[in-house]
2 protein chains.
Amino acid sequence: MIKARVTVIDIAKAAGVSKSTVSLVLQGSSLVNEGTRSKVNAVMRELGYVYNRGAANLRQAGAKSRIIGVVVNDLTNSFFAELAVGVDMVVQSAGFVQFLSNTGESIDRQREVVASMREHGISGLIVSPARATDAADFKPLVAAGIPVVVVVRNLPGAKVSSIVSDNRAGMMAAVEHLVGLGHKRIAFLGGFPDTAVFDDRLAGYRNGIEAAGLGYDEDLVISSAPSRAGGVEAIGKAIALGRRPTAAVCFNDAVAFGVCDGLRARRLEPGADFAVVGFDDVIEAQAAVPALTTVSVDPQGIGRRGAQMLLKQINAGKAEAETVTTAVRLVVRESCGAGKAAPARAGRA
Amino acid sequence: MIKARVTVIDIAKAAGVSKSTVSLVLQGSSLVNEGTRSKVNAVMRELGYVYNRGAANLRQAGAKSRIIGVVVNDLTNSFFAELAVGVDMVVQSAGFVQFLSNTGESIDRQREVVASMREHGISGLIVSPARATDAADFKPLVAAGIPVVVVVRNLPGAKVSSIVSDNRAGMMAAVEHLVGLGHKRIAFLGGFPDTAVFDDRLAGYRNGIEAAGLGYDEDLVISSAPSRAGGVEAIGKAIALGRRPTAAVCFNDAVAFGVCDGLRARRLEPGADFAVVGFDDVIEAQAAVPALTTVSVDPQGIGRRGAQMLLKQINAGKAEAETVTTAVRLVVRESCGAGKAAPARAGRA
DNA sequence: TGACAATATTGGAACGTTCCAAATAAATGA
DNA sequence: TCATTTATTTGGAACGTTCCAATATTGTCA
């Protein structure tokens, strides 16, 4: 068991040059002679040299650790897994690596992992914050000059960049579609009212309802946990209403699936007897029976976009916070009752 | 914009002690006086000190970076996302952080991320290898004394620890169950024959068939991509067979879902007209219609277990490779036609 | 040939920590 | 009081890189 690490000095000695030259080669400097370069490279390969980024970072004063921190609130939700994959794609091809952690909606955990990432000298952070995250939590990071991009859930008041989907427009489109199908009583089901995302989606719903000349009726807004179970609960309450709705837009796809479950438990067929529209377009949406009509937000795209934005800020050294909202589009499938769509499509590449 | 990093020396100066003492405090040494300790801690808080792990690792000769590398082959598959979450749980609570990367089944990518992780000085690696990974790929890691644990897919020939689920027993149980329901012609659908996992599952199928006194018939083994699309394809071929099977065990749940799709496209109802059993028990399995009878492998459990094993090896300094196969259990739901089970249960905590 | 530029190479001195051996201070025993 | 523990504290010297300023080497032009 030879534990001795091979260092740049070993290489230098073996190649008959100075450590400085080896360092130059490492950084692909054009200053070094072609012959020398290839010799050094050969020796490196031969001795099995592995670059010590820690040491390098030390010298480079925290500038470029080439580590990007990624924090998501629920990795078991495929929406966020996709997001992480999107980030990974661009981060990776830019020669960075991804430090990914899952907070499971715990803000304590979030604090921990962010602190830990900071200790490791991340050069930027992408975060989908846990519920009830304090906007001030990322203050120290940006004060230290570490770019932060908030995705999916925005943090009103925090002076960081953010990318959120156009929740309002998406929900409005969903309502319009249902109105176009002849529905007059459309409920808004699921979600916790204490989040910015909820507010946006609800606002879109309200806009859509009012634009259609239907009266906005508070009774038709039924919040619940943003989960499958929450959906079951919400549809239960909706059906118990005096003037029962004939359609619902849901806070997200998980809720929508729950709503479908709840409908079937009451011998109502989603799509045929009651129209259901989700939000997010998670992978399962197109495969479900009935296939879910939903608002597609392309989490992978958000991830890619967020990563690009972050990299831009890292390279720029200093960047002011920008906020983008990404377009969404309604994907009409079966659960809204708009007729059996063409046979389901294609896998993922 | 004051970029000056606060270092241990700044703290020392401000607290009127030496840097060595500050270092002692940092490591929670019992050598330092209680009064001094609290003073130092106070100053640290005041100046907003952040520990520089890079510098520490440098000195500690790569021993304890407290970084665990996690490499999965497909993060968009919830099976692996769950796995990562399981790892994260134990890794996190042991005070380590997780470096997670997705290879998307690309062995080039895998090589890249592993190299990158090594440069960052990970103290251990958990990997669910991409298809066709060369067992020698992890040789340098273990030679350098970095423990590696392979999960889910084993790497015959590699001298590393591994945790795989008991594929053989699981498939055998599935076959036995179908036999118990009266099926005589049971197909094995999906999966690529070039993987160890495929071999194991097929062996389990064969054992089950022969144990039941049914003849093993090669025609009933139809491989395909281990995906939903592959499932559609496989069931198509199965139905075209002369003596058509009446049931199938599938390579994994994705294939099983595809098989259900394919059945329905031919006006056959999975569960009623043809029995389908999957493998993995992905989250969607219990929510699907019909709920999928499948072999549950608890990816989160494997993740936790793998992480524990890895930590043990890290702490032990040197550990020989051990191999565990984790138990699996058949979860009977609807798709096998064993009668409507009790109403589906409960979410995830 | 000498002066100058261009091209390659190089020895320290950092970077922020931990470790070691040694120093200091305080407490104990005789 | 002095020697001897015991409890704290402390300066360097690493660790493996990068950066800087300086040096060697070569080539070019007059």
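Residue numbers start from 1 in every chain, and the chains themselves are labelled A, B, ... in the order their sequence lines are given, proteins ahead of strands.
- The interatomic distance linking Asn57(B) (CG) with dC19(C) (P) rounds to 11 Å, in whole Å.
- With dT18(D), dG16(D), dT17(C) as the choices, the nucleotide that has an atom nearest any side-chain atom of Thr7(A) turns out to be dG16(D).
- Rounded to a whole Å, the NZ atom of Lys19(B) is 12 Å from the C1' atom of dT9(D).
- Judged as a salt bridge (Lys or Arg N to Asp or Glu O under 4.0 Å), and not counting sequence neighbours, the contacts of Glu119(B) are Arg53(A).
- Of all heavy-atom pairs spanning Pro129(A) and Asn73(A), the tightest one is O-CB, 4.0 Å.
- Under the rule for a salt bridge (Lys or Arg N to Asp or Glu O under 4.0 Å), the partners of Arg153(B) that lie at least two apart in sequence or sit in another chain are Glu105(B).
- For the segment residues 22-43 of chain A, the set of residues with a heavy atom within less than 4.0 Å of an atom of DNA chain C comprises Leu24(A), Leu31(A), Val32(A), Asn33(A), Thr36(A), in numerical order.
- Within the 4.5 Å cutoff, side-chain heavy atoms of Ser101(A) are placed close to those of Met117(A).
- We find that CD1 of Ile9(B) is positioned 12 Å from P of dT18(C), with the value rounded to whole Å.
- Classified by interplanar angle (parallel below 30°, tilted 30° to 60°, perpendicular above 60°), the ring pair Phe99(A)/Phe99(B) is parallel.
- Heavy atoms only, all atoms of each residue included: Ile67(A) and Phe96(A) are closest at N-CD2, 4.1 Å.
- Protein atom OH of Tyr51(B) is 14 Å distant from nucleotide atom P of dG16(C), rounded to whole Å.
- The end-to-end axis angle of the helix from dT1(C)-dA30(D) to dA30(C)-dT1(D), rounded to 10 degrees and based on five pairs per end, is 50°.
- The distance from the CZ atom of Arg109(B) to the CD1 atom of Ile107(B) is 13.5 Å, given to the nearest 0.5 Å.
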Ignoring hydrogens and angles, write down the donor-acceptor pairs under 3.5 Å from the side chains of residues 26-33 of chain B, residues two or more places apart or on other chains.
{"from": "Gln27(B)", "atom 1": "OE1", "to": "Ser23(B)", "atom 2": "OG", "distance (Å)": "3.1"}
{"from": "Ser29(B)", "atom 1": "OG", "to": "Leu31(B)", "atom 2": "N", "distance (Å)": "3.0"}
{"from": "Asn33(B)", "atom 1": "OD1", "to": "Gly35(B)", "atom 2": "N", "distance (Å)": "2.6"}

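- Here the closest non-hydrogen pair linking Val70(A) and Val87(A) is CG2-CG1, 3.7 Å.
- When heavy atoms are screened at a 4.0 angstrom cut-off, Thr21(A) is found touching base atoms of the nucleic acid.
- The CG-C1' distance, from Leu58(A) to dT18(C), rounds to 12 Å in whole Å.
- Between the side chain of Ser20(A) and the base of dG11(C) there is at least one donor-acceptor pair of N/O atoms closer than 3.5 Å.
- Interatomic distance, Ser123(B) OG to Leu310(B) CG, rounded to the nearest 0.5 Å: 8.0 Å.
- The two residues Ala55(B) and Leu58(A) come nearest to each other via the heavy atoms CB-CD1, 3.7 Å.
- As a whole-Å value, the separation of Gln60(B) CD from dG16(D) C1' is 15 Å.
- Between Lys13(B) atom NZ and dG11(D) atom P there is a gap of 12 Å when expressed in whole angstrom units.
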Quick test: give all pairs of protein nitrogen or oxygen and nucleotides 23-27 of chain C nitrogen or oxygen below 3.5 Å, distance rounded to 0.1 Å.
none

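- Residue Asn52(B) contributes atom CG, which lies 16 Å from atom P of dG16(D) at whole-angstrom precision.
- For a distance-only test at 3.5 Å, the side chain of Arg59(A) fails to qualify as a donor-acceptor partner of the base of dT17(D).
- The two atoms that bring Gln308(A) and Val90(A) nearest to each other are N-CG2, 4.0 Å, heavy atoms only.
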